[in-house]
Amino acid sequence: MNDKLEKARKGDLETQREVIDAIINADSFEQMMSQLQPDDEQWLRQLANEKHDARAITLLLVGMENRYSTWDEEFTDEDTDEPFTFTHAESVDGETLFPRNDVESLRLYTLICQNWQQIDSAELYQIWNTIRCCTTLDYTVLLHHLADETNDKDAMSELAETYRYGDERNGIYINRPMAKKYYDMLGEDYDPAEDDTEDDPVETDYTLKGNAETLKGIRDTINDLCQRFGTPDNEFGMFVPLQPLMKLLVGSDDEAYRGNVLRMEQMDANTLVLYTESNNPGPLYYALHQSFPNLEIEES
């Protein structure tokens, strides 16, 4: 792989495509991605911009959100007593291989979506699955093309499951009517009421840091929701339902997102803490990130 990478870096087009193919099809995608260096962005970007190469774009998108490292662990085979080495690959928290640029990321992803008909179907599945697993982009755009325009059953199934259970990390929130639509297209029975679960709430604190005016807008919004749906002037808590807040933030007020903002505290002009209870803390965390990308948000 190292020899091929050196040749790819010198501009050999055939080798560049061989390298991309090896990474995309690898059993350990993360391990293969760890061999790329920041300078590899140059030839990948050239393929992306000049050839609209969807797989090169995919590696750029992954590199803008991740950097992978490897480490070795020694084992002994229990049957043969022979030593062997297992190489682990993991994402380095808070680091990216290529500079993160959300505007550029969206532009590149749009190139894939606009040219999806020119991509082999098997390759397209590899691409959307890689985007799903390794980025925070909305991979349903590609699935909708396949399901709605080519009646692809696998894409319909993926959409039905995704809308049924949500994938908030990628900005996809539970939408049971949409889930039912695709189950119906598949000829499968689905009753949204079957997904209702009993409450088992946990308390979660969200610390929001950043622009004072943005924080004031959030505080005013929650106070307004408290007047409409909560318990204002209640010493035991505001009890602002999360569902209308989620509806405002991301457009989904599914029953799965029920819970409450118990209270909030302005620590200083640039720090606001929300104290909540819910069955699942993740959706609100991602909804806040999606709605206020310039804020620093911590969950505890």
Side-chain angles (χ1 to χ4, degrees), residues 1-73 85-115 119 123-139 141-142 167-172 285-286 289-290 293-298:
M1 182 65 173
N2 287 334
D3 290 342
K4 285 192 174 183
L5 268 172
E6 288 304 316
K7 195 173 180 181
R9 289 162 182 157
K10 293 177 181 178
D12 186 89
L13 180 60
E14 182 177 348
T15 306
Q16 289 173 349
R17 287 176 169 159
E18 289 177 2
V19 167
I20 293 171
D21 186 66
I23 295 173
I24 289 285
N25 291 301
D27 290 335
S28 176
F29 174 80
E30 294 86 355
Q31 186 174 332
M32 292 294 285
M33 276 292 296
S34 72
Q35 299 185 49
L36 294 180
Q37 300 297 319
D39 287 346
D40 288 315
E41 180 184 15
Q42 297 175 11
W43 61 270
L44 286 170
R45 187 171 290 280
Q46 186 173 7
L47 280 175
N49 289 330
E50 295 180 6
K51 307 292 185 182
H52 290 178
D53 188 302
R55 297 186 306 167
I57 292 173
T58 301
L59 297 189
L60 284 170
L61 295 173
V62 173
M64 286 185 192
E65 293 198 35
N66 306 273
R67 184 176 79 79
Y68 299 101
S69 66
T70 60
W71 56 279
D72 294 334
E73 187 173 3
T85 302
F86 181 80
T87 301
H88 297 267
E90 58 188 6
S91 181
V92 181
D93 189 39
E95 296 186 19
T96 62
L97 176 62
F98 308 133
R100 177 148 190 168
N101 184 327
D102 291 342
V103 174
E104 176 64 3
S105 178
L106 183 58
R107 183 189 75 82
L108 289 170
Y109 182 46
T110 301
L111 283 177
I112 295 178
C113 296
Q114 289 176 337
N115 296 287
I119 304 171
E123 184 178 311
L124 192 60
Y125 265 97
Q126 285 181 315
I127 287 169
W128 82 254
N129 192 47
T130 303
I131 289 172
R132 176 184 67 172
C133 295
C134 304
T135 79
T136 55
L137 292 162
D138 182 358
Y139 53 84
V141 177
L142 293 176
D167 188 355
E168 293 86 5
R169 176 182 175 276
N170 287 72
I172 306 158
Y285 174 80
Y286 290 117
H289 263 289
Q290 180 177 324
N294 296 325
L295 291 182
E296 177 184 340
I297 302 171
E298 298 178 1

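Just so it is clear, the values below take in all heavy atoms, side chains as well, and ignore hydrogens, waters and symmetry mates. None of the values given here were measured: they were computed from a predicted structure.
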(request) Could you tell me the separation between the NZ atom of Lys4 and the CD atom of Glu14, rounded to the nearest 0.5 Å? (result) 9.0 Å
(message) Minimum heavy-atom separation for Ile131 and Asn170, please, with both atom names.
(response) O-ND2, 4.0 Å
(request) Drop me the distance from Asp53's CG to Leu111's CG, to the nearest 0.5 angstrom. (result) 11.0 Å
(message) Do Tyr109 and Val141 have side chains that approach each other closer than 4.5 Å (heavy atoms only, starting at C-beta)?
(response) yes
(message) Using every non-hydrogen atom in the two residues, find where Thr15 and Ala8 come nearest and quote the distance to one decimal.
(response) CG2-N, 4.0 Å
(request) Would you check if Thr136 and Tyr286 make a side-chain contact, meaning some heavy-atom pair closer than 4.5 Å? (result) no
(request) Give the C-alpha distance, both sets of side-chain angles, the deciding distance and a yes or no for side-chain contact (heavy atoms from CB on, under 4.5 Å) between Glu104 and Leu108. (result) CA-CA 6 Å; Glu104 176 64 3; Leu108 289 170; 3.8 Å; yes
(message) Is a donor from one side chain sitting under 3.5 angstrom from an acceptor on the other, for Asn25 and Gln126?
(response) yes
(message) With a 4.0 Å cut-off on N to O distance, would you call Asp167 and Arg169 a salt bridge?
(response) no
(request) Determine whether Asp40 and Val19 make a side-chain contact, defined as any pair of heavy atoms from C-beta on separated by less than 4.5 Å. (result) no
(request) Taking all heavy atoms of Phe98 and all of Gln37, pick out the closest pair and write down the distance. (result) CE2-O, 3.7 Å
(request) Give, for atom CG of Asp12 and atom CD of Glu6, the distance between the pair rounded to the nearest 0.5 Å. (result) 12.5 Å
(message) To check you understand the geometry: which heavy-atom pair defines the closest contact between Met64 and Pro99, and what is its length?
(response) CG-O, 3.7 Å
(request) Kindly compute the distance separating NE2 (His88) from CD (Gln31), expressed to the nearest 0.5 Å. (result) 10.0 Å
(request) Verify the neighbour count for atom CD of Gln42: are there more than 12 heavy atoms of other residues, nucleotides or ligands below 6.0 Å? (result) no
(message) Please find the pair of heavy atoms, one from Gly63 and one from Met33, that lie closest to each other, and give the distance.
(response) N-CE, 4.2 Å
(request) Report the relative orientation of the aromatic rings in Phe29 and Tyr68; use parallel for angles under 30°, tilted for 30 to 60°, perpendicular for over 60°. (result) perpendicular
(request) Identify the two heavy atoms, one from Ala54 and one from Ile119, that lie closest to each other, and give their separation to 0.1 Å. (result) CB-CD1, 3.6 Å
(request) Applying side-chain contact (heavy atoms from CB on, under 4.5 Å), run through Thr58 and Thr135 and close with a yes or a no. (result) CA-CA 10 Å; Thr58 301; Thr135 79; over 6 Å; no
(request) Report yes if some heavy atom in the side chain of Asp21 is under 4.5 Å from a heavy atom in the side chain of Arg17; otherwise report no. (result) no
(request) Find out whether Val62 and Glu30 are in side-chain contact, i.e. whether some heavy atom of one side chain is under 4.5 Å from a heavy atom of the other. (result) no
(request) Rounded to the nearest 0.5 Å, what's the gap from CG on Leu44 to CG on Asp39? Could you check? (result) 11.5 Å
(message) I'd like to know whether CG of Asp3 has more than 12 heavy-atom contacts from other residues, nucleotides or ligands below 6.0 angstrom.
(response) no
(request) Mark yes or no for whether Asn66, through its side chain, and Cys134, through its backbone, hold a donor-acceptor pair below 3.5 Å. (result) yes
(message) Just so I know, are the side chains of Tyr285 and Glu168 near enough to count as touching, which here means a heavy-atom distance under 4.5 Å?
(response) no
(message) To the closest 0.5 Å, what do you measure between CG (Leu59) and CD (Glu41)?
(response) 12.0 Å
